[in-house]
2 protein chains.
Amino acid sequence: MRPKLTLKQIARELDVSISTVSKALRDSSEIGEETKKKIKAFAKLYNYRPNNIALSLKNRKTKTIGIIIPEIVHYFFTTVISGVEQVANEKGYNVIVCLSNNSFDKEVLNMELLANGSTDGFIMSMAKETLQKEDYHHLTEVTNQGMPLVLFDRVIDEVHCDKVIIDDVIGAKKAVQYLIDKGAKKIGLVSTVDYVSVGKLRTRGYLEILRENNVEIDENLILKIEDMDHSEAEIKDFINKNDLDAVFAVNEHFAIHAIKAVQEKGLKVPDDVSVIGFTDGELSKRFIPSLTTVSQHGERMGAEAARLLIDKLERKPEEEESYKTVIVETSLIERNSTKL
Amino acid sequence: MRPKLTLKQIARELDVSISTVSKALRDSSEIGEETKKKIKAFAKLYNYRPNNIALSLKNRKTKTIGIIIPEIVHYFFTTVISGVEQVANEKGYNVIVCLSNNSFDKEVLNMELLANGSTDGFIMSMAKETLQKEDYHHLTEVTNQGMPLVLFDRVIDEVHCDKVIIDDVIGAKKAVQYLIDKGAKKIGLVSTVDYVSVGKLRTRGYLEILRENNVEIDENLILKIEDMDHSEAEIKDFINKNDLDAVFAVNEHFAIHAIKAVQEKGLKVPDDVSVIGFTDGELSKRFIPSLTTVSQHGERMGAEAARLLIDKLERKPEEEESYKTVIVETSLIERNSTKL
DNA sequence: TTGTACGCGTTATCAC
DNA sequence: GTGATAACGCGTACAA
C-alpha cells in the first residue's frame, strides 16, 4: 500500500522546495528547464495528482454541485440526474446526490450538510412535505449565503432563484385537445391534490382547454388523489362510477391504473376509452397497450438546470443578479392507448 | 448576502482567540463556563457550522463515499443507490454519484477524479467495456493507495476487495425449478453474452438445474443476446422458431419481449407459455400480465455494500486485512406470467 | 482559563 | 531561478 503522493514528498525526494515543485508542475516560466523536466518526470512516474480537498479549501470552490431530490427510485428524477451529470462532467464538475424521501426534515438536514463547504450550489426538486409546510427557510438560507440554487419541476414563487420547469399547463392542454380532436366528449381527469404544483397546473390546463373548446366542465369527472397508497382503489371507483370516453392522468401510474380499471370494467383501451398519461417513462413505453403520453424530457431539464447553475457559479461577481426561469417544452408522444 | 461564518470571525467579534472559540464549541473543559456560554450563544445565533472542507483536509477524511455505476436510468441501480444512501446517511456519510455510461475511459476518469481526495472509498459496478477489456488497473490503483473498494453486481475475481453479489446461480435454479415443478418440459433461456458475468451465472444455474432434474439440454433453446438494440427482433425470432412451454429470461426487458413475441405468435401467457424474469422492477410489477420474477433486492445490496465500506473505513489500521463477499439472497416473486 | 503554534496540501506573493 | 511565507478553516498539543 502506497499512500498518495504530495508536493511535499516530491520536494523532499528531489531536494527542492515545495513551491519549486508546485511551479514546475504548473509549467511556470520562473523555473529552469532542467529542474522542470526533472520534477515533471518524477511526478509523472509516480502519478502525482493534486489533492482536490486542498484545492477546494484554497480556491473556496469545490467544483461539485449538489442535487437534492425527493426520491431516486423514480424514472423522471433519474433522467434529470443523468442530464445534470452530463453537462456537469463536461464542465469539470462532480455531482453529489442526496435524497429527501419527501421529508421536510431530511431535506433541511441535507441542505445544511452540503452547504457547509461540500458543494458550490444546488439543484433541487422540493419534498412534498416542504410544499405542504410552505417553510422555505433552508432555501433562503443558502441563497443568502451566496450559494446559487436552481429549482426544477416542483417549484414555488416565494423563493427567488433560477428555475427549470415544464409547460405543465400547455402540456395538459395539448393532451386534452388531442383527445377532443379524436372525438372524446366525456374526458375524465385523474390528478393529485393541489399543493403539488404539477397537479394544480395540469388541472388548470385541463380546465382551460375544455373552456376554450366550449366543453362544459363537470366536477364529477375530476378525481384528485389524496393518498398515493390508495390511488388504485380510488381510480377504480372513479372509472366505475363514470361513463368516460377518455381519461387524462397526470402521471404514468394513474394512467396505468386507469387502463386496468377500464379493462376490468369490461371495456377496451383504446377502442372504448382512450387514456393519456404524463411523464414518459419505461412503463409508458413497454406497457401493453403502450401509453400515449406527454413527455417531460427530464434529461433536458437536468441539462438546463446544470447550465444555469454553472453560469451563476462562473459569473463575475460584478455582474448584476437576475433570475431566469427556463421552460422546457413538452411533447405529445402518440402510442397505443389512444385511438388513431 | 451574508457569507459563511468562520471561527476566525467569531473570535474577532467576541475578542477571544480562535482556539478558544473552537474549544468552547466542542465543549472543552478547558474553557470557563462564562466564556463558553457567550461563545455558544453567539454561534447559535448566527448559525455557525464548521466547514466540511477544512475538516476533511485536517482529518484526511471526507466522510463521503463515491458510487460509480454504468447508468442511472435503470431501476436496479437506482434501488442500490437508495440502499447505499440510507445506511450512509445513518452513519454520517454523503454519497457522490458518478456514471460511467458503460465506458471504460469515463470509468477511469471518474475514479481518478474522486480518488484525489473527494471520497474515502468506492462502491461500484463495473462498466461493460471494462469487463470486455479486462483492464482493472484503475481499481488496483485505488486499493493500492489504501482506499477501500466494494464491488457489487458486476464483479470479477481478479480484483481483491469486498464484494456484494446475489446468488445468480441459485436464483436461476429457483426460477427454472419452479417452471419444472409446474410441468414445463421445453424451457427456453434468453440470456446475454458470457462476458457479462450475470448472464454467465444465470445460464449456469439454468444448465445445472436441468441436469439435476435429468432434463436433456438442447442448445437450440438457449438464446444469447449480443446486441441490446436488436434484442426485440432476436427474441421474436427465437420464440417463433421454437415450441416452448416456458421461458426463463435473465432480465425484465427480455422477459417482456418474450411475452410480446408469444402473444404475437397467437399463444397466451401464462396458459400456453410461462415466462419468468430476473430483476424486480417497476415493469415487472405493472406489466400485464404482471411478471413472475427473481427479485434481486437491490436496496439490500446497496445497504450491505455501504456497511462493508464503512466498516473498512472506520476500522483501526492495526486490524488485519481481509475481504468479504456478501451474497444477498434472491427470492422468487410469483405473479401472473406463470401458471398456478 | 486562555492563547500560541503547527499541520493538513495547495498556490500566490514576495524576497533572495 | 529558487525558496520562504502566508493564507484557506479547523483542531489540538503545548505553553503561558
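Sequence lines set the chain letters: A, B, ... in the order given, protein chains first and strands last, and positions in each chain run from 1.
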Asker: Please report the distance, rounded to the nearest Å, between CG in A:N59 and P in C:dA12.
Answerer: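 My rounded result for the distance is 8 Å.
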Asker: What contact category does B:L7 fall into here, base, sugar-phosphate, or nothing, at under 4.0 angstrom with non-hydrogen atoms?
Answerer: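 Touches sugar-phosphate only.
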Asker: Do B:N52 side-chain atoms and A:G117 backbone N/O form a donor-acceptor pair below 3.5 Å?
Answerer: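 Looks like no, no N/O pair under 3.5 Å.
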Asker: Nearest whole angstrom, please: distance from the P of D:dG3 to the CD1 of A:I31.
Answerer: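 Rounded to the whole Å, the gap is 8 Å.
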Asker: Output yes when A:E90 and B:K106 qualify as a salt bridge under the 4.0 Å nitrogen-oxygen rule, no when they do not.
Answerer: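 Here A:E90 does not pair with B:K106 in a salt bridge, since their nearest N and O are not under 4.0 Å apart.
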Asker: Given D:dA7, is OP1 or OP2 found less than 4.0 Å from the side-chain N or O atoms of A:R60?
Answerer: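 So the side-chain polar atoms of A:R60 never come under 4.0 Å of the phosphate oxygens OP1 or OP2 of D:dA7.
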Asker: Could you give the CD-to-C1' distance, from A:Q9 to C:dC8, as a whole number of Å?
Answerer: 13 Å
Asker: Identify whether any heavy atom of A:L57 sits under 4.0 Å from a base atom; if not, whether one sits that close to sugar-phosphate; answer base, sugar-phosphate or nothing.
Answerer: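 Counting heavy atoms under 4.0 Å across all strands, the contact made by A:L57 includes a base.
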Asker: Does A:Y48 put a side-chain nitrogen or oxygen below 4.0 Å from OP1 or OP2 of C:dG9?
Answerer: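 Result: no.
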Asker: State plainly whether the residues B:R49 and A:E141 are in salt-bridge range, i.e. N to O under 4.0 Å.
Answerer: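 No, no charged N to carboxylate O under 4.0 Å.
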Asker: Taking atom CD of A:E34 as the centre, does the number of heavy atoms from other residues, nucleotides or ligands within less than 6.0 Å exceed 12?
Answerer: no
Asker: How close or far is atom P of D:dA7 from atom CG of A:L55, stated in whole angstroms?
Answerer: 19 Å
Asker: Take the protein atom CD1 of A:I10 and the nucleotide atom C1' of D:dT2, then report the distance between them rounded to whole Å.
Answerer: 17 Å
Asker: With rounding to the nearest 0.5 angstrom, report the NZ to CG distance, B:K23 to B:L25.
Answerer: 12.5 Å
Asker: Strictly below 4.0 Å, heavy-atom distances to any atom of DNA chain D: list the hits from residues 15-30 of chain A, or just say none.
Answerer: A:V16, A:S17, A:S19, A:T20, A:K23, A:E30
Asker: If you look at every strand shown and take non-hydrogen atoms under 4.0 Å, does A:S56 touch a base, only sugar-phosphate, or nothing?
Answerer: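 The answer is nothing, as A:S56 stays clear of every strand by at least 4.0 Å.
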Asker: Between C:dG3 atom P and B:L14 atom CG, what is the distance in whole Å?
Answerer: 11 Å
Asker: Angle class for the B:F76/B:H74 ring planes (parallel below 30°, perpendicular above 60°, tilted otherwise)?
Answerer: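 The arrangement is perpendicular - the two ring planes meet at more than 60°.
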Asker: Rounded off to whole Å, could you give me the CG-to-C1' distance for the B:N116 and C:dC8 pair?
Answerer: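 Result: 16 Å.
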Asker: Whole Å only: how far is the CD1 atom of B:I53 from the P atom of D:dC8?
Answerer: 16 Å
Asker: Once the angle between the rings of A:Y323 and A:H160 is folded into 0 to 90°, is it parallel (under 30°), tilted (30 to 60°) or perpendicular (over 60°)?
Answerer: parallel
Asker: Return no unless some side-chain N or O of A:K8 is found under 4.0 Å from OP1 or OP2 of C:dC8.
Answerer: yes
Asker: Does B:K58 or A:R49 map to a spot on DNA chain C nearer the 5' end, using the closest nucleotide for each?
Answerer: B:K58
